[in-house]
Amino acid sequence: MKRNLSARLPILLSLFLCLLSNLSAAALADDETQPPKIQHEIVVTATRLETPVKETASAISLVQAEKLPPGATVRPESVFAGLPGIFFIQTGLAGGSGSLFIRGANSEHAVFMIDGLELNDPVSPSRSFNFNLFNLALIERVEVLRGPQSTLYGSDALAGVVNMVTADPEKNEASLSGLFGTFRTGQGNFRLARVWPNFFLQAEFNTFTTAGISQAGSRYPGNSEADGYSQQSLALKISYRFSPDFRLNWQTRGLLGRAELDTFGGPYGDDPNSLQKSRFLFNRLELDGFFLGHRWQQKLVFGLEAGRRENDNPADTAHPDEGDSALYRSRLFKIDWQNNFFLAPNHTLVFGVDFRQEQGSSSYLYFSPWGNYESSFPQKTASLLGLYLQDQWKPWKRLSLTAGLRSDHHRRFGRALTFRAAACLDLPEIGARLKSTVGSGFKAPSLYQLFAPADYYGPVGNPDLQPERNLGWDAGIEKEFSDSLALSLTYFETRYRNLIQFYFGSGYQNVGRAISRGLEASLEARLFKNGNISAGWTHLSSRDLDTGSPLLRRPEDSFKVSFNLSHKSISLAAELNYIGSRLDVDYSSYPPQTVKLKAATIANLLLSYDLKEPLTLFLHVQNLFNTRYELVYGYGSPGTTISTGFKLKL
């Protein structure tokens, strides 16, 4: 199979270059006008208010869901690949453990949200997001905000925020889409929207399945069994407008996931029957109203989430007397009351109160010829009460200023204070904007870090833990050289302290310190009427301040270049992703050894054709040149994959 695929790659490349040259010539021939101006979009995550990107001092990236390749609904790498300051890794093709590093920070230092309601798993040891639950049903765009954001979003937002934003439908519509590809990968989506004068309803069902690849890399001996993954989800959102100034929004979504896992990465890490099943339920209710002649807006949000993960790894032929099982349960309840006071057209004050209560429990059993081990984490509860204040002011047309303060109270460690200040200066004479922010963040200890019971080796949980903290700043410039070319460059630096680390014999302790600094750059250009190019580059230096060693799995340099071209009913998107070398650890050897993962360049290609107005066909080729690489040492990454499918508007 590999030989046949390698033989076809030159043919595919030749066809691609031929098609590209023909499309370029046709697009240039059709381009009788000047290239259109680059559009500046509206974001809500940076300030909790609808704000044009050009007036936002924060470093933020927008990913429109409709521009993502088919299959991205459950594939987070399609969203995050190549974004400035962002690096995503995952073990295997789908269903494996994932981590998102924002400006070099740990994955648990980012908050994941849907419409501002957080998704991080309360029962995870570090309270990180479970990427097996990643799903873009009903999502219009993803806003990725970089830098400390605890002033508005509280605990966990030390490095940034990932907010998946839903949209309100404007008309009745229905669509059906599907794909089939390599590794018996299949996906189906059905989306429906109905709009009435004061009411709308939209729903989406999707299902995804793949036979996958071996999570433990097949290049190592003993790893040949593929690990599959499947996910089904149903999302519903309704809105009713009681009057022009008051409305109710409610959304719910349920998700089921099934992932086949391996024991570890590296030689003989295969496990033929290790399985994880996940269930997740999400509910969000929002009351939104204007008062005092539209000078006071109130948003009251109630959120309720429940999760369950079950791991089952019975004995098998490779491990005849060894196995384990685990069960994790979590629940989160949140209330957020946000008040926006529009003091003047150029002055808005935001004040709010939020309350979060989370619960979690787990049980684990391991058996082997050397004895059994059992660990039970009884249900524990923790709560946070936060008060936040933000002042957004434009003292003159060119200058936007934002300042905020927040106070959180945790029943264990007491109070945490955070702040943030930001400025954006517009210089239209030279087509540039200067931006800078400074802020602090904190992360409360997780339930497991606080309350995990002692084991054979000594203490695990530590009820006296203090929150992790950081202080970060950035400064950058955005420059428009013409109506069709824009560049941006940002320098950032963040210092972390009180990082929680685990030590055998003493448990979790506040001892870690780290620093991350680097450069982020992006480019957007309209080459002609139907063609554009975009690029993002990150240079990162992240180090443990106690040991002086680089943080693991973070590349020093990474970039992505994307080229989009369309002519009549044909569209072509090509992208090139470069991942620099980085350090990792080989845990399959004893003692564990530090290893260096090689740099890699991955090319992707997407071709779509509007056969008729309601029907679009597509062909998607990932890892076009069959590059061999590892995101995590010892774990597999897919070679060339090809998928084809359709989208039909009903």
Side-chain angles (χ1 to χ4, degrees), residues 12 63-79 81 92-95 131-142 164 166-167 169 171-194 201-213 226-237 253-260 278 564 566 569-575 604-624 638-650:
L12 287 172
V63 180
Q64 298 290 345
E66 64 178 10
K67 297 181 180 179
L68 291 171
T73 304
V74 299
R75 302 288 296 275
E77 68 272 17
S78 300
V79 177
L93 177 65
F131 281 95
N132 278 351
L133 303 178
F134 183 86
N135 189 281
L136 294 180
L138 296 183
I139 300 302
E140 177 194 45
R141 67 185 187 274
V142 180
M164 294 172 277
T166 61
K171 60 181 180 180
N172 294 333
E173 55 185 355
S175 64
L176 179 68
S177 63
L179 69 83
F180 181 78
T182 311
F183 307 121
R184 302 201 306 274
T185 299
Q187 179 171 322
N189 292 69
F190 175 71
R191 189 166 184 167
L192 175 70
R194 287 293 180 264
L201 175 151
Q202 58 179 341
E204 181 171 345
F205 170 78
N206 61 60
T207 180
F208 174 88
T209 182
T210 181
I213 62 175
D227 297 297
Y229 176 68
S230 64
Q231 185 190 104
Q232 294 78 42
S233 71
L234 177 63
L236 173 69
K237 181 180 180 180
R253 57 185 66 216
L255 187 147
L256 299 174
R258 181 185 185 276
E260 297 174 358
S278 303
N564 297 278
S566 62
S569 58
I570 300 177
S571 297
L572 177 69
E575 62 181 32
N604 303 318
L605 178 67
L606 174 63
L607 178 66
S608 61
Y609 178 66
D610 293 329
L611 185 63
K612 293 182 180 180
E613 183 177 351
L615 179 62
T616 300
L617 304 178
F618 66 83
L619 175 69
H620 192 204
V621 183
Q622 296 175 278
N623 197 358
L624 179 65
T640 300
T641 62
I642 301 174
S643 58
T644 183
F646 70 93
K647 183 176 182 180
L648 177 64
K649 294 182 179 180
L650 304 175

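Note that the coordinates shown come from a computational prediction; the quantities given were computed from them, not determined experimentally. The basis for the numbers below is simple: all heavy atoms, side chains too, and nothing from hydrogens, waters or symmetry mates.
T640 places a side-chain N or O within donor-acceptor distance of the main-chain N or O of N623, the cut-off being under 3.5 Å. A distance-only check finds no donor-acceptor pair linking the side chain of E204 to the backbone of A137 [under 3.5 Å]. Q231 contributes no side-chain N or O that, together with a main-chain N or O of L255, makes up a donor-acceptor pair within less than 3.5 Å.
Side-chain contact between N564 and K67 is absent, with no heavy atoms from C-beta onward closer than 4.5 Å. Proximity of F134 to E77: side-chain heavy atoms (C-beta onward) are nowhere separated by under 4.5 Å.
Residues passing the side chain to side chain donor-acceptor pair (under 3.5 Å) test with T616, sequence neighbours excluded: D610. Taking S230 as the reference, nothing meets the side chain to side chain donor-acceptor pair (under 3.5 Å) condition, with sequence neighbours excluded. Checked against ring-ring contact (aromatic ring centres under 6.0 Å, His included), F131 has the following partners two or more places apart in sequence or in another chain: F88, F112, F129. Among residues two or more places apart in sequence or in another chain, the side chain to side chain donor-acceptor pair (under 3.5 Å) test is passed with E140 by none. A search for side-chain contact (heavy atoms from CB on, under 4.5 Å) contacts involving R184 returns A211, not counting sequence neighbours. S233 meets the side chain to side chain donor-acceptor pair (under 3.5 Å) test with N135, N206; sequence neighbours excluded. In this view, A81 and N577 satisfy the side-chain contact (heavy atoms from CB on, under 4.5 Å) rule, not counting sequence neighbours. With sequence neighbours excluded, the residues that form a side-chain contact (heavy atoms from CB on, under 4.5 Å) with L68 are V63, A72, V79, L136. Listed by chain and number, the residues in a side-chain contact (heavy atoms from CB on, under 4.5 Å) with L93 are R75, F183, T210, I213, P638 (sequence neighbours excluded). Residues forming a salt bridge (charged side-chain N to carboxylate O under 4.0 Å, His left out) with R258 (at least two apart in sequence, or on another chain): E260.
Considering every non-hydrogen atom in both S569 and Y609, the closest pair reads OG-CE1, 3.0 Å. G95 and A259 get closest at one heavy-atom pair: O-CB, 3.6 Å. Counting all heavy atoms, side chain and backbone alike, H620 lies closest to P69 at CE1-CB, 3.5 Å.
If you take CG on L607 and CG on L617, they are separated by 10.0 Å, rounding to the nearest 0.5 Å. Note that the CG atom of L138 and the NZ atom of K237 stand 8.0 Å from one another [nearest 0.5 Å]. The structure places CG of L572 at 9.5 Å from CD1 of I570, a figure rounded to the nearest 0.5 Å. With values rounded to the nearest 0.5 angstrom, E575 atom CD is found 8.0 Å from S78 atom OG. Distance check, rounded to the nearest 0.5 Å: CZ of R194 to CG of L201 gives 9.5 Å. Summarising the geometry, atom CG belonging to L176 is positioned 11.5 Å from atom CG belonging to L192; distances are rounded to the nearest 0.5 Å.
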Please table the atom pairs, donor to acceptor, closer than 3.5 Å between any side-chain atom in residues 643-650 and protein atoms at least two apart or in another chain.
| unit_1 | atom_1 | unit_2 | atom_2 | d |
| --- | --- | --- | --- | --- |
| T644 | OG1 | F618 | O | 3.0 |

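Of the candidates T73, T209, T207, T73 is the only one forming a side chain to side chain donor-acceptor pair (under 3.5 Å) with Q187.
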L606/L619 under side chain to side chain contact (heavy atoms under 4.5 Å, CB included): CA gap, chis, key distance, verdict:
CA-CA 6 Å; L606 174 63; L619 175 69; over 6 Å; no
